Amino acid sequence: MGTDLFERRVVISGVGQSAIGRQLDRSGFQLTIDAILAAVADAGLTVDDIDGLAMFPGGGKANLPGYANGNLYEIQDALRVTTTWRQGIIEGMCLPFYGPAMAVATGQARHVVVWRTVKEGSAARNAGGRPAYGSTNSAAEGPLAWLLPVGALSPVCQLAPYTTRYMHEYGVTREQLAWIPVTQRAHAALNPDAVYRSPLTVDDYLASRMISSPICLYDCDVPADGATAIVVSAAETAADLRAPVGVEAMAGVVDGRPSWEQWEDMGRVGYATAAAMWARTDLRPADVDVAEIYDGFTIEAVWWLEAMGFCGPGEAGAFVEGGKRISLGGELPLNTWGGQLSGGRLHAAFGHTAEAVRQLRGEAGDRQVAGARVAAVTSVGGYEAGAALLTSWPR
């Protein structure tokens, strides 16, 4: 693959996280500043080096319950930085570093920090349960207006029909799907920052309460409080950075109607995005050493395993059954930090990206995948799908 792709002009230079927990006694602003300062230090930079800021997500979604990014100007003022580029990114591409990478690749900035802060654990506590995207006691506008009458404001209600369709079409069982949260919980036990670290068994999974059939409690990510920040830098600055990671390829394609409830094929999600990403690299699925793929719900990890070509359509159940293939030491270690199912819902591939960077640097501690040089990162699915390959540096 040629060297003229914009990905070749950027690196991920730093990742940082605040404290992470079910409920934290710190504001979204405080968590954000903690994560940004940690990411900048991790890159080997100072705040004065930062000339680009990106808040993810921006726009209307930034005001949903538990979304605690703060105000872009407030963060800039607190950091006392001069910017040449800023962005309040909406979720459309759903790769947090896509916009910053484009800014750096086109010379609009040299070091951009993008952050995501959640207080969903606290919001769930205050609401008496996981917060939905709207309230049944108020009017809804836009896409939510079509979901309100059927009580499908929560993402779990929107994804349950997809799960039912997939399981029906391919004959995949809950006993097979259980191995994804069970294996990821074993990985979380090795991550001191994970929200849940106690052992989880297949029997525990099968005995757990249904949230929206066939999605049960352990199929759902864990609402948490915490912030993650990522620094994207110009590749030409690599010699000045502590431990950069390469961006090999990334893509985000909407190949259907931009609506979960109107998606044409409920058994296949993310295929167009994955195909577009693979078209930008000479690497193949067999080259991937570790997969940090989106798992807001178990079904989303299933989709990505198939869309990315790690197994064929309908084969993910058999692929994950028993947990051997997706465990540390297996052919495709999956969500080695515990993923969002146990590590915590840090959202939109932020936690996944941070873990991929640590794995490629050899800094993942007890959960380190030996010799990891290529990591796959994906985010959400459907019309919000994003996928990327990250590589150790130098390439």
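Below, each value reflects all heavy atoms present in this structure, side chains not excepted, and no hydrogens, waters or symmetry copies. Remember, it's a predicted structure, so these values are computed and weren't measured experimentally.
Taking 4.5 Å as the limit, every side-chain heavy atom of L177 sits out of range of all side-chain heavy atoms of V320. Annotation: side chain of V377 is not in contact with side chain of I293 (no heavy-atom distance under 4.5 Å). Residues W85 and M102 fail the side-chain proximity criterion, which asks for heavy atoms closer than 4.5 Å. C216 has its side chain out of reach of I211: every pair of non-hydrogen atoms, C-beta onward, lies at least 4.5 Å apart. Annotation: side chain of L305 is not in contact with side chain of V302 (no heavy-atom distance under 4.5 Å). The shortest side-chain heavy-atom distance between V113 and I230 does not fall under the 4.5 Å cut-off. In this structure the side chain of P313 reaches within 4.5 angstrom of the side chain of Y271, judged on heavy atoms.
Counting non-hydrogen atoms of other residues, nucleotides and ligands closer than 6.0 Å to CZ of R284 gives a total above 12. Counted within 6.0 Å of CG on D25, heavy atoms from surrounding residues, nucleotides or ligands total 12 or fewer; the atom is thus considered open.
L217 and W179 fall within the same hydrophobic cluster, defined by Ile, Leu, Val, Met, Phe, Trp and Tyr side-chain heavy atoms under 4.5 Å apart, directly or through other members. Under the 4.5 Å side-chain contact rule for hydrophobic residues, L53 and M55 share a cluster. Linking Ile, Leu, Val, Met, Phe, Trp and Tyr residues whenever their side-chain heavy atoms come within less than 4.5 Å places V156 and L159 in a single cluster. In the hydrophobic clustering of ILVMFWY residues, with side-chain heavy atoms under 4.5 Å counting as a link, V369 and I326 come out apart. Under a hydrophobic-cluster definition in which Ile, Leu, Val, Met, Phe, Trp and Tyr are linked whenever side-chain heavy atoms come within less than 4.5 Å, directly or via other members, V10 and V245 are assigned to the same cluster.
The salt bridge (charged side-chain N to carboxylate O under 4.0 Å, His left out) check on E331 picks up R325, with sequence neighbours excluded.
Of all heavy-atom pairs between P181 and L200, the closest is O-CD2, 3.8 Å. Contact between V172 and Q176 at its shortest, heavy atoms only, is CA-OE1, 3.5 Å. Between V40 and V231, the shortest heavy-atom distance links the atoms N-CG2, 4.1 Å. In terms of heavy atoms, Q340 sits closest to H352 at CG-CE1, 3.6 Å. In this structure, M308 and M277 approach most closely via the heavy-atom pair CE-CE, 3.7 Å. Nearest approach of W337 to G344, heavy atoms of both residues: CH2-O, 3.6 Å.
One N or O on the side chain of K119 and one on the backbone of L24 form a donor-acceptor pair closer than 3.5 Å. Between the side chain of T273 and the backbone N or O of G270 there is no donor-acceptor pair closer than 3.5 Å. No donor-acceptor distance shorter than 3.5 angstrom exists from the side chain of Q87 to the backbone of G99, with no hydrogens or angles considered. With hydrogens and angles disregarded, a donor-acceptor distance shorter than 3.5 Å links the side chain of R197 to the backbone of A189. Side-chain atoms of Q368 never come within 3.5 Å of backbone atoms of G365 as a donor-acceptor pair (strictly under, hydrogens ignored). No donor-acceptor pair under 3.5 Å is formed between the side chain of D34 and the backbone N or O of A19. Judged purely by atom type and a 3.5 angstrom limit, R8 has no side-chain atom pairing as donor or acceptor with the backbone of G246. Of the possible donor and acceptor atoms, none in the side chain of Q30 sits under 3.5 Å from a partner among the backbone N and O of R26. Side chain of Q359 to main chain of A372: no donor-acceptor pair is present (N/O by atom type, distance under 3.5 Å, no hydrogens or angles). No donor-acceptor pair under 3.5 Å is formed between the side chain of S212 and the backbone N or O of A160.
Of the residues D49, V112, L45, the one that meets the side-chain contact (heavy atoms from CB on, under 4.5 Å) test with S233 is L45. Screening D225, D221, D295 against R345 for a salt bridge (Lys or Arg N to Asp or Glu O under 4.0 Å) leaves a single residue, D221. When each of L390, L283, V374 is tested with E248 by the rule side-chain contact (heavy atoms from CB on, under 4.5 Å), just one qualifies, namely L283.
Rounding to the nearest 0.5 angstrom, the gap separating the OH atom in Y196 from the CG atom in L341 is 12.0 Å. Summarising the geometry, atom CG belonging to L346 is positioned 6.0 Å from atom CD belonging to Q17; distances are rounded to the nearest 0.5 Å. Put simply, CG on L328 and CG on D366 are 10.0 Å apart, with the number rounded to the nearest 0.5 Å. Once rounded to the nearest 0.5 Å, the distance linking CG of D287 with CG of D282 reads 9.5 Å. Note that OG1 of T32 is 11.0 Å distant from CG of N71, once rounded to the nearest 0.5 Å. Between the CG atom of L37 and the OG1 atom of T46 there is a distance of 11.0 Å, given to the nearest 0.5 Å.
Taking the six-membered ring for Trp and the full ring otherwise, the centers of Y166 and Y170 sit less than 6.0 Å from each other. Aromatic rings from W303 and Y294 are positioned such that their centres are separated by 6.0 Å or more.
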**Request:** Please step through side-chain contact (heavy atoms from CB on, under 4.5 Å) for the pair F319 and L332, ending with a clear verdict.
**Result:** CA-CA 10 Å; F319 185 85; L332 186 72; 4.2 Å; yes
**Asked** What do the steps show when you test D219 against T298 for side-chain hydrogen bond (donor to acceptor under 3.5 Å, both in side chains), and what is the final call?
**Response** CA-CA 5 Å; D219 287 314; T298 299; 2.8 Å; yes
**Item:** Test log, rule side-chain contact (heavy atoms from CB on, under 4.5 Å), inputs F310 and V288
**Value:** CA-CA 9 Å; F310 299 129; V288 174; 3.9 Å; yes
**Request:** Any chance you could lay out the side-chain contact (heavy atoms from CB on, under 4.5 Å) test for R280 and L5, step after step, and finish with the verdict?
**Result:** CA-CA 8 Å; R280 299 180 67 81; L5 297 178; 3.6 Å; yes
**From CA spacing to verdict: side-chain hydrogen bond (donor to acceptor under 3.5 Å, both in side chains), T336, E292** = CA-CA 7 Å; T336 50; E292 308 295 345; 2.7 Å; yes
**Request:** Decide yes or no on salt bridge (charged side-chain N to carboxylate O under 4.0 Å, His left out) for R22 and E120, but give the supporting numbers first.
**Result:** CA-CA 8 Å; R22 285 287 275 156; E120 289 191 310; over 6 Å; no
**Prompt:** Can D240 and T237 be said to form a side-chain hydrogen bond (donor to acceptor under 3.5 Å, both in side chains), step by step?
**Reply:** CA-CA 6 Å; D240 300 322; T237 70; 5.9 Å; no
**Request:** Evaluate the criterion side-chain contact (heavy atoms from CB on, under 4.5 Å) for residue pair W115 and I75; output intermediate values, then yes/no.
**Result:** CA-CA 10 Å; W115 70 88; I75 299 299; 3.7 Å; yes
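Under a 4.0 Å N-O distance rule, the pair D48/R80 does not qualify as a salt bridge. Between D42 and R361, at least one side-chain N (NZ, or NE/NH1/NH2) sits under 4.0 Å from a carboxylate O, which counts as a salt bridge. With respect to the salt-bridge test (charged N to carboxylate O, under 4.0 angstrom), the residues R367 and E355 qualify.
In the model, S342 has no side-chain atom that pairs as donor or acceptor with a side-chain atom of Q184 under 3.5 Å.
Among residues at least two apart or in separate chains, salt bridge (Lys or Arg N to Asp or Glu O under 4.0 Å) pairs with a member in residues 164-188 are R165-E169.
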